[in-house]
Structures are given as structure tokens and as C-alpha cells.
4 protein chains.
Amino acid sequence: MSEQTVWNDANSLVERIKTLRHQVWQANMDLQRHNLVTFTWGNVSGIDRESGLVVIKPSGVEYCELNAENMVVVDLHGQVVEGKLNPSSDTATHLELYRHFPEIGGIVHTHSPQATAWAQAGRAIPALGTTHADYFYGQIACTRALSDEEIAHNYELNTGKVIVETIGDSNVMASPGILVKEHAPFTWGKSPAQAVHNAVVVEVVAGMALQTLQINAEVDTLNPSLLDKHYLRKHGANAYYGQSKK
Amino acid sequence: MSEQTVWNDANSLVERIKTLRHQVWQANMDLQRHNLVTFTWGNVSGIDRESGLVVIKPSGVEYCELNAENMVVVDLHGQVVEGKLNPSSDTATHLELYRHFPEIGGIVHTHSPQATAWAQAGRAIPALGTTHADYFYGQIACTRALSDEEIAHNYELNTGKVIVETIGDSNVMASPGILVKEHAPFTWGKSPAQAVHNAVVVEVVAGMALQTLQINAEVDTLNPSLLDKHYLRKHGANAYYGQSKK
Amino acid sequence: MSEQTVWNDANSLVERIKTLRHQVWQANMDLQRHNLVTFTWGNVSGIDRESGLVVIKPSGVEYCELNAENMVVVDLHGQVVEGKLNPSSDTATHLELYRHFPEIGGIVHTHSPQATAWAQAGRAIPALGTTHADYFYGQIACTRALSDEEIAHNYELNTGKVIVETIGDSNVMASPGILVKEHAPFTWGKSPAQAVHNAVVVEVVAGMALQTLQINAEVDTLNPSLLDKHYLRKHGANAYYGQSKK
Amino acid sequence: MSEQTVWNDANSLVERIKTLRHQVWQANMDLQRHNLVTFTWGNVSGIDRESGLVVIKPSGVEYCELNAENMVVVDLHGQVVEGKLNPSSDTATHLELYRHFPEIGGIVHTHSPQATAWAQAGRAIPALGTTHADYFYGQIACTRALSDEEIAHNYELNTGKVIVETIGDSNVMASPGILVKEHAPFTWGKSPAQAVHNAVVVEVVAGMALQTLQINAEVDTLNPSLLDKHYLRKHGANAYYGQSKK
């Protein structure tokens, strides 16, 4: 490479990470704006796929003290590349998802109450209506419980692994969120902002689903044709919802 | 017609649509003010009955970016008459209701959580108290599910048709809202503002009804005499609620 | 009476009603501040016992348009003494309570959702904890349903009568609120402000009671000794809660 | 002691109590900010362990009238040392806890609705997920009911005694809160601020636990390995959550 190319690439990387820091900080603040977090119980990360660098919230820092500058930059092996603070204690979970699913650009973890109740109950959130189908192509799965061994060693990494296991061969972007049993939801998207969007959806849908079952304990899951219709009119090849396809 | 008459009529139409744009925009913003919408999950339209023109929210645009000018004007066949954005993806549903029910001046669709839970449960909201009876003369009905065929072709139009089918011969203004099974509520009124008002009522009444059943699963529906009393003291020929009849 | 006495009495009455107008307006606004009302679904009144004049909210006027000046003054027979607007459609209910219970200085009616759910369910709110006992000396009763005849003629007056019937010989101030079956709560107090305070308590206690039963359907009502202790430490002859008895 | 030492110690005490007044006032205001209190239904205290002086909220004073100066200073026997207002009616409960548990630096009492529902139901909040385990090392216990005798004499002191009895030999800081049956929660911490933090956690966890049981009535309590993992990664000797251990 010419020196010019090296110089240009370096500049480009610096600019991209600066932008990503801002996006990840903004997405973290949006968790609070959408009432998804109590105290510091949530974190957002984003990845720069070209370099493999991940920007993530620092661990246990109050939302009012967060800014783009104190976000932490780590590589895909968890080494801190830039930043003076510890990265989120859930970093290893995020990284496992980024390594397995190249489609993912941003990840969110919260303990939002209604989704967390489903995770604690160990139940997938069934697709019961079009609100769900507009974003999730089928149920929002719940992982199995981790074994004692998985908890004892590399717990956060194993949390990522059980998510990967649960997704299996299905399309990770068609159901962009999951419940970790006895724990809480994780969501993802093409960007940190989209992952936050999906975290809001999981919380709203979780609350609706419980109320639906309280009204009618025998309710059937959504007609697959209606699931297709709603999911595909927003996300399919011939999507016609919104302005972007015009 | 004289040129003067043509000129006056044109001016009058332009003014009316300008006013309606403002009303429809305001009504859309009120959905958010009343906490009925998450993201862009709701839409309001209004009709100018003299011209048959309908003003409706554009599809998938954030509430903070809405203004009177970017509302979309369509005719009763769904042709965009004015506006650069796609109209709401639910436009065909709105138009079907406007075509069948000349009394309707405004329509609202939301995914407000408590009403949506009843729609997902496939259950009409029973009239259980005077809060309900002040606005709805009987239960808030729930449509049947759409068939696979109805979903596959002209889904949004068929959503309107199943609402029309469910209302049947009953007075469309006496129960100004309905639940579309597996989907969410639609409400209407003489104006966009009244349709929003009724959307709030449906959400409040939906929440109260679930709690009522949780307290007493054997509760009877409202005494028909009390339903009459409350509905008619607000909406009957001899209404005496409020200031308007004085 | 000397002319001076007549003059002084007149001045005194005018001042007292002016003050009461302000108190009643403020109490109505407080309903909104405490999230007890949707739209105009609530009203507060207050009485000047010396003159027998009652100040009450006008019917169906938006909260943002209320002020001390547009409150309506009626006598205990419901004749409007001052004011251009119709008084609340529930005025006859308020007046019946003022006529029967000279201890009452202010009355509130709301459709606050959790208390309304209990009223719709036709169930008294049992005393399940000290929060309840701090304000209500026993259950919050629910009236019987009105008969068709009672609904057809003088409905609002009969709503007052069934409240009076339900209270019977018990101490009206020891349980300063009631649920009207199929309808919603009424509360009262020495003043309009205290009636609002009790309306908040009924709503909070209603919500807690439902949740309590959901956690433990077999729960016993509060130990009578504990009911005594909490009620009397705030309201008994030897009350020691707060600063007022020092 | 030299006069200088006496002088220095006095100055130091005055400064510490001044600081503690501010902390306790701030913690009381934070109860309101976190939506844990209705009206005056909550109180926070803090202790200066060197002198044994306790700063506590005055009884029945509105939150908007509280300030650092009107907090009340009492000794561990309940004698008011400084302040013109009555201390909280629950002071004797707080003091009993401070006398028995030297680790406690601050105490909170609220009637927060979801935790109060569990207390009214007489049920401990089971550990059902990691949100719980991040703060409470096992269930949040519920005391037995007080006897008539315990209610009749020294009620508030006996409330403290039944809390002490319920904690027994277990580590008071490992489960920093408890439900008093038929009443409401108490929480504590190293400082008034930490006690408020734990009061928020109890309320959130109480709500999640009820929802969890509504989704799955047969749910198991948390895997003890996961309880250990989450509690110890925040509170154990090798804690790695947050920034403080770096």
C-alpha cells in the first residue's frame, strides 16, 4: 500500500469509530428515553465490520454520566483497544453474537420488566398479533437454562453461546431478539438504533401477550398467513410499508 | 356555472382541505399525546364529504416529522391527489369505511396495548360499566379472523370489509370502534378529533374490563337500563350532559 | 339585625364563596395532577355549611378551561345561584350526600381505572393492609345495583340515595369513600382537598388489592387489631401521626 | 482529652451530622423521584455510627416542604436531639434495626404498590431471575403477622423486632430488604442512598415476580448457581461488575 492509502485508511477508521461511538452513546440514552432501563441495567453496543472493532457501554456507569467519549472500544476477542473504563460485564455475550452472525450491526441487552417476566418464566413469547408480526417472524424464543458448569466458567460467553445454539439455523435477522432463561432479553439489528427499536418492540409485545392470555387462555397463535403478510409487507422483497421503497 | 362560481368553489375546496390537513395532523399528534402509539404504530384520517377527498398520515414517518403539509390527500379510490409521500399502508381500510358509512368523518387506527390485547384474544370488550356506556352503546365488537385468501389479496381492503361485515345493520355511530381480530382497534367519529377521543376511550375501557374480570370472573354485563341511561344522557335526543344543549 | 350586621354577613358570605370557588377549582385540577381523570370524567364539589351553598365543577368542560370563576354555585335543592354553565351532571348525587351527612365538606367523583374496575366487578375493596387502614376503617363498600325504576327517574339523585342506604348507620367519615356498582367511586372529606386525597387513596388501594389477590387468592383481611392501630394512630383521639397533634 | 481535641471532635460531629442531614433529605426526595411514594407514605433515615445519632424524616410533612434543616435528629433511644418537628411515626422501627445490625447505615420504608401487594399477600418474593440476584442473595422474606399484644403496645418497636426475628442469623446485608406482613417493605444499605436504591429494586422485582407467576405458575426459583454468579459478580470478594474494583 502506498503511504497515502495507509493514511487514508487510518483516517477513515478513526472517523468511523468516532461516528460509532456517538451512535452507541445515543442508543444507550434512547434505552432510558424509552423507559427500558432502571439504573444501569442495560447496555448497547455497535460494530464496525470493516475493522472488527466493537463500541460498548462501560460497566455500571450512570446514564447521566455517559457520553460518546467514555464508550469503550474492544476488539472481537474482548481486548480493550481504547477507553479507560471497564466495558460492560456483558461484553463477552455481545462479542459471541457478533462473531457468529455477520449480519448483526448492533446489540441491546435490557431488563425491561415485561420481557424479563417472560424470560424468568422460561417461556417464548408467542406471535399473537400483527404488532408482533410487524417485527418478529414467529415467536420470540427463550433459551434453555445454562448448566452449573456453563455458569461457573465463562458465564457471559456461555450466555452468548446458548443464544447462538437457540437460533441454530434460523435467520437471525427475521426474529431479532431472544429471551435468556432466568435472565432477560437481548435484541439486535443492522445498527445500534435498530437494536434499540427492537428492544422496545419486545417489551411492548411481551406486555400485550400476557394480557392476551389473561383475556383468553386458549388463544391460538397467529394465522401463519397473517404472520407472513405483516412481516413481509415491512421486511420482504416487495415491502410496501413506509417510504423507503418508493 | 359561472366563472365566479367555479372560482368560489375551487377556493372553498382549497380552504377546506387546508383546514382538514391541519385537523388530521393535529389528531395524529394527539395520538402520541394520549400515549396511544409506540413509534409510528397509528394513523388518523379525515374526509371532506363534499369533495370525497381524504387526508391521511403518510406511511412510517416519525411523529416528530409530521406536519400539516406532509399529510397525504387521496380520493375514495385511493389515488393520491396531493402529496409526495406514500399514504398510510392502512389507507384502503380507511377508505372502505368512508365509502360504506357516510356518517363517518374521521378514522383512527392504533395498536394501543390494552385494546390490542382484546383484539389478539379475539374477544369483544363487554359493556361492564358506565364509563363504557358513556361512549359505546353495547359491546365493542371483535371481527372474525380474515381467511388466507382475504389476507393474500387486498389485505387492507379486506380488513375494511370485515369491519363493515361485523357492523352489519347496526348503527355505526352508536358503537364508534371495533377490534380487528389478531390485529388491533379501529375507531371513528364525526371528525378526526372525535375519532381520537374514541380511541382513548377504547384503550381505557379495555384496561378496566380486564381488571374487572380479574376481580370477578362471573361479572354480568351492564344492566341495559343503565346502558341506555348513560349513553342517552350524553348522545340521545334529550341529552343533558355537558354544555352544548343548554 | 342592624344594617351593619347585614352588611357584614353579606360580605362574609361573598368572601367565603370566593374562597370556596378557588378551593373547588384547585381540587378539580388536582384530580388531573394525580392522574385520576381521563378527559372530563371527574368532578369535585365543596359546601359552605353556613349558607348551604355548594360550589361544583361545570359539566363536560375541559380541565384546561376550568378556573375559579366558571365553577357553578348551587343551593342544596340544585338551583343554580351563580354561574352561566350547567353544573356537573352528577350534582344531584353530591347534594344528596351533603343533605344527609352534615360532616361532609367536599365530594369527589372519578372514573379512576383501578377503583372503577372494583365497582364494575360489584365487589367491595377488602382491607388488606395498613395502607388501606391508614384512611379507611374497614372495607370500601360497594352499593347494590340501581333498579330499572331508579335509573329511569332521578337517576343521579338515586345514585346518592343508594350511597346513603349503603352507608346506613355507620360513621360516614370513618370510611370516606364508596364504589357505586357498575359505575365508579365517590369519595368525600372535611374539605374538597381532603376528598381528593381520599380519591387518590382509593385508586392506589384498589390496585394493591387486586395485585394482592393475584399473589394469594386465599389472603385474609387485615387483623382487626392492626386496622384499629393504623386508623387510630392517624385519626383517633390519641393520634400521633404527623405534626398536628404536637 | 485536651481542649483542642474536644473542640475538634465537636466540630467533626457537627459537620458529619450536617452532611448526614443533607444525605437523608436527598434520599427522601429520591423516593419521590423514583415514584415509590404517594403523598407522605415513605421515610428514609441514616445513622452516624460514631455518635449513634440518627437523622430521619419528620412525620407527615409533604415532600415539597422537606429540606435538610427540618430533618429530625434522634439518639438510638428515640430522644429528639435536634429538630422542632415530630420524627417519622416509624422511628422506633428504624432504631431497632440500627441497634441490632451495626452494618446498616441507612433505612427506607415505603408503601410502593407492587412490593406492598406481596407484603399484603403475606408472601416472600422468590428469586426468579438475575435482576433479583444482582441485589438479593435469595428470596425477599416476609415477616409473620404481629400478635394483638405486639400491635397494642410499642407497635412500631415490635415491627422492628419482627424484622430482626425474621432475619435471624442470616447476613443482613446479603438480602437488604424485607416485607412486613399486612404492611409494606423496609430496605436498608450502607448509606441512605443505597437503601433507596434497594427500595427501587424491591419494587421492580416485585412487579416482575407477579408477572412471571402469571405467565408460568409452575416456575422454579432461580438455579442456586446462577444466584451465586450474579450476586457475587457484583458483591463478592472478586466482584467484576462496574468500575470500582479496577
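Every chain is numbered from 1 and lettered A, B, ... according to where its sequence line falls, protein lines coming before strand lines.
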Run C:Gln243 and D:Val61 through side-chain contact (heavy atoms from CB on, under 4.5 Å) and show every step you take.
CA-CA 8 Å; C:Gln243 304 300 330; D:Val61 176; 3.9 Å; yes
So, C:Thr131 and D:His111: side-chain donor and acceptor under 3.5 Å apart, yes or no?
yes
Quick one, D:Asn28 and D:Trp25 - any side-chain contact, counting heavy atoms below 4.5 Å?
no
D:Tyr155-C:His230 side chain donor-acceptor pair, cut-off 3.5 Å
yes
Is any residue of residues 194-214 of chain D within less than 4.5 Å of chain C by heavy atoms, and which ones?
D:Leu210, D:Gln214
D:Leu222 versus D:Leu128: any side-chain heavy-atom pair under 4.5 Å?
no
Below 4.5 Å, heavy atoms only, C-beta onward: do D:Ile163 and D:Leu97 meet side chain to side chain?
yes
Find out whether C:His235 and C:Arg233 are in side-chain contact, i.e. whether some heavy atom of one side chain is under 4.5 Å from a heavy atom of the other.
no
Could you tell me if the side chain of C:Phe101 sits less than 4.5 Å from the side chain of C:Val164, heavy atoms only?
yes
Polar side-chain atom of D:Asn86 near backbone of C:Gly242 as donor-acceptor pair, under 3.5 Å
yes
Can a donor-acceptor pair be found, under 3.5 Å and without considering hydrogens, that links the side chain of C:Arg21 to the backbone of C:Met71?
yes
Among D:Ser59, D:Gly122, D:Gly60, single out the residue with the greatest number of heavy-atom pairs under 4.5 Å to chain C.
D:Ser59
For residues 31-45 of chain D, give me every residue with a non-hydrogen atom less than 4.5 Å from any non-hydrogen atom of chain C.
D:Thr38, D:Phe39, D:Thr40, D:Trp41
Residues of residues 174-192 of chain C within contact distance of chain D, non-hydrogen under 4.5 Å
none
Does any part of the side chain of C:Leu53, heavy atoms only, come nearer than 4.5 Å to the side chain of C:Ile47, both counted from C-beta?
no
Using side chain to side chain contact (heavy atoms under 4.5 Å, CB included) as the criterion, list what pairs up with D:Leu157, not counting sequence neighbours.
D:Ala92, D:Glu96, D:Arg99, D:Asn154, D:Lys161
Cut-off 4.5 Å, heavy atoms of chain D, and the answer for C:Asp220 is neither
Could you verify whether a donor N or O on one side chain and an acceptor N or O on the other, from C:Lys234 and C:Tyr240, lie under 3.5 Å apart?
no
Are any side-chain N or O atoms of C:Arg49 and backbone N or O atoms of C:Ile104, one a donor and one an acceptor, separated by less than 3.5 Å?
yes
